[in-house]
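These values consider heavy atoms only, across backbone and side chains, with no hydrogens, waters or symmetry-generated copies. In the text below, chain A, chain B and the rest are named by the order of the sequence lines, each starting its count at 1.
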Amino acid sequence: MDESGLTIPSDLGRITVSPGAIAQIVGRVAAECYGVVGMSLRTPGPARDRVTRLLPKGKPSRGIVVRNVDGAVALDLYVVVAYGLNLTEVAATVRSQVAYEVERLTGLEVASVDVHIQDVKRTA
Amino acid sequence: MSDLETVRGLAHAALDSLELSRERIDDLNVYPVPDGDTGTNLTLTMRGVVEALDASTTTERPTLAREVTRAALMSARGNSGVILSQIVRGAADVLGAAEAVDAQSVARAFRGGSDEAYRAVRTPVEGTMLTVVRELAEAGETTPHLDPPGLLAFLVERGEEAVERTPEQLDVLRDAGVVDAGGAGLLELVRGLAAAAAGEPLAEPFARRYKPVDHEAVHHELSRYRYCTTFVVEGEGLDQDVLEDGLERLGDSLLVVGDPTALKIHVHTDDPGAALTLGTTAGTIEGVEIADMHRQTEQREERLLAALPGGAARSGVVAVVAGDGNRRLFEDLGAGEVVEGGQTMNPSTADLLSAIEAVAADEVVLLPNNSNVVMAAEQAARVAGRQVEVVRTESIPAGLAALVAFHGERSARENAAAMREALANLATGEVTIASRDASTHGVAVREGEYLALLDGTVVSSGAAFDEVARDLLERLLAEPRDVLTILRGHDAPPLNGLLDELTARHPELELDVHEGGQPHYHLLASAE
């Protein structure tokens with residue numbers, strides 16, 4: 001696993017996009033995805049393995065892990081979905097929306113988008 | 001007629017109406033992903049409901065409502081199908097519990113559907129199916145005197161207006177010259193309900209009022225090419241296939257329509273010149289339009305890219321931070337400039353000034369993150385050559401909490417106000433080593449022992465780090481809190497045991513633990 005920036009070759013030099021920047025885009029897109037009511041900090045495993053780079057509540061990039069797999073973007077999203085929705089369809093929609101916007105806005109290839117539904121919540 | 005028969009009839013009509021417009025709705029689909037399947041998804045979702053109703057034998061209204069809800073949930077396809085299933089749930093909840101199905105309860109069903117649909121999304125995007133269902137609910141509430149068929153007919157009219165307004169509400173629709181596909185689909189569904197309720201046949205499939213989908217809609221397909229090129233070739237005996245073959249090699253989104261005397265060409269390519277050359281080889285060309293697609297989508301991109309650190313920002317952040325891990329955290333959260341400093345190495349006013357000047361934005365918010373730095377920060381703000389707001393954060397966790405409320409597209413003053421508000425409900429704490437013997441606030445402190453402070457006040461002291469830290473963290477959680485952020489210091493003992501205990505005692509708490517790497521403070525924490 002490589003967590004360095006992702007590189008887009010161009011005629012005038014290399015353009016590097018940091019994982020943090022990609023995570024911010026993903027966060028904004030995820031917030032608009034229908035069915036997603038939150039991002040989760042909870043990742044599986046005991047507390048000591050949770051010394052993560054996931055970010056504080058309210059910031060768009062919370063619950064998003066960006067990895068560089070042979071120059072393409074691999075994404076993991078930890079999401080909370082509204083109660084009573086078809087989870088398979090919500091996950092599929094999140095995946096296609098996120099992949100579409102990241103490819104369109106960064107020009108980087110998206111290798112994978114893994115959507116982890118961490119919780120289902122009733123919202124008032 | 002029984003409830004089941006009535007609902008069956010309505011659902012069949014809604015499905016038929018959707019089927020009639022399915023392809024047109026597919027063509028409208030440019031948002032959120034232009035994959036052209038909205039009409040198909042809505043139709044498949046509705047078909048699942050119809051099949052469940054055809055198989056049902058229930059005579060109980062509440063059971064019927066539950067069956068419809070479940071069928072919509074199970075058969076939901078795609079984004080629009082999921083939204084439809086929520087609308088159906090909300091409406092069925094109301095009608096299942098209604099004493100009588102009259103205009104009032106139908107209006108309440110639309111309200112229920114709208115409210116339920118909005119419940120399942122954090123940031124609703126307007127100009128979509130959500131807007132249309134909400135406007136239908138609002139329209140229904142203004143007309144208490146109608147009977148159900150009258151109400152539905154009225155809602156179809158209001159729905160048409162709502163759908164036509166969607167391009168004004170969502171840029172990507174306006175740029176593509178289309179109305180929202182999901183909203184249009186919902187309208188067709190209501191049109192079917194209205195026809196069935198009135199006992200009338202379905203109207204002609206394509207409402208003439210809509211502008212047909214044209215070339216513009218293809219612009220939002222994922223294209224690798226930059227220029228959208230359109231022109232007309234005129235001549236005699238033009239061979240459409242030959243032109244298509246040549247153009248296909250230059251790009252994508254190719255469309256060649258017309259007859260042997262005039263062909264309209266549309267192609268996305270990086271080489272519009274070569275496309276025009278192919279045209280002039282076949283005949284004479286006119287009506288040439290070359291549009292830069294990168295510019296066409298700029299607005300929406302700007303909105304999304306405003307999230308990037310330093311991306312076209314109105315204001316930026318300068319933060320004073322100690323510790324490599326903390327520096328990375330601040331940078332990841334969008335701080336434009338980070339100045340090394342803290343308790344014992346206060347940055348000078350000059351250091352702060354050069355950081356302020358280096359920020360790539362018009363205005364600056366300055367986070368001192370230590371009480372010893374606040375004065376230098378305010379001094380720097382006064383003499384800086386640009387608008388600088390100081391948010392008087394006295395610890396690194398407070399700075400992080402403030403930074404979370406920062407948005408580059410807002411002015412420094414607006415940001416400062418939002419950031420101060422974010423700090424209002426924050427409790428912060430730290431564990432450090434006492435530099436001398438003392439007795440403060442009833443706590444006896446001995447030099448060299450661990451010392452815990454809560455919001456700047458000494459709360460406990462002792463030789464064992466775990467005990468002092470545990471005491472501090474429990475005090476931070478004395479009030480109910482959602483998130484506990486911990487920044488581990490550069491020479492801090494391992495936190496594993498403490499974190500496992502915390503998780504066991506507070507199962508609902510979200511723990512956000514980072515290797516802060518700061519000197520002097522073995523542990524910095526905040527709770528919100």
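Not a single side chain to side chain donor-acceptor pair (under 3.5 Å) links B:Arg481 to another residue, sequence neighbours left out.
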B:Asn41 and A:Glu89: side-chain contact (heavy atoms from CB on, under 4.5 Å), yes or no, with the steps? CA-CA 11 Å; B:Asn41 286 333; A:Glu89 288 303 308; 6.0 Å; no
Would you please test B:Met129 and A:Tyr34 for side-chain contact (heavy atoms from CB on, under 4.5 Å) and show each step? CA-CA 11 Å; B:Met129 197 168 164; A:Tyr34 193 82; over 6 Å; no
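With chain A as the partner, the residue from B:Asp115, B:Leu495, B:Val82 showing the most heavy-atom pairs under 4.5 Å is B:Val82. Interface remark: of the candidates A:Gly84, A:Gly107, A:Ser96, A:Ala30, A:Gly84 forms the most heavy-atom pairs closer than 4.5 Å to chain B.
Atom CD of B:Glu126 has more than 12 heavy atoms from other residues, nucleotides or ligands within 6.0 Å. By the 6.0 Å contact criterion, CG on A:Asp119 is enclosed, its count of non-hydrogen atoms from other residues, nucleotides or ligands being greater than 12. Counting non-hydrogen atoms of neighbouring residues, nucleotides and ligands closer than 6.0 angstrom, the CZ atom of B:Arg70 reaches no more than 12 such neighbours. For A:Asp114, the CG atom is densely surrounded, since the number of other residues' heavy atoms within 6.0 Å is greater than 12.
Contact detail for A:Val37 and B:Arg119: the closest heavy-atom pair is CG1-O, 3.9 Å. Minimum interatomic distance between B:Met74 and A:Asn86 (heavy atoms only, all atoms of both residues): O-ND2, 3.5 Å. Between A:Glu32 and B:Val121 the shortest heavy-atom distance is O-CG2, 4.2 Å.
For a residue to count as touching a neighbouring chain, one of its non-hydrogen atoms must lie under 4.5 Å from one of that chain's; by this rule B:Ala117 touches chain A with backbone and side chain alike. Of the two parts of B:Arg77, the backbone and the side chain both hold a non-hydrogen atom closer than 4.5 Å to a non-hydrogen atom of chain A. When heavy atoms are compared at a cutoff of 4.5 Å, A:Ala92 does not approach chain B at all. At a 4.5 Å heavy-atom cutoff, B:Leu502 makes no contact with chain A through either its backbone or its side chain.
The CG atom of A:Leu85 sits 8.5 Å away from the CD atom of B:Glu116 when rounded to the nearest 0.5 Å.
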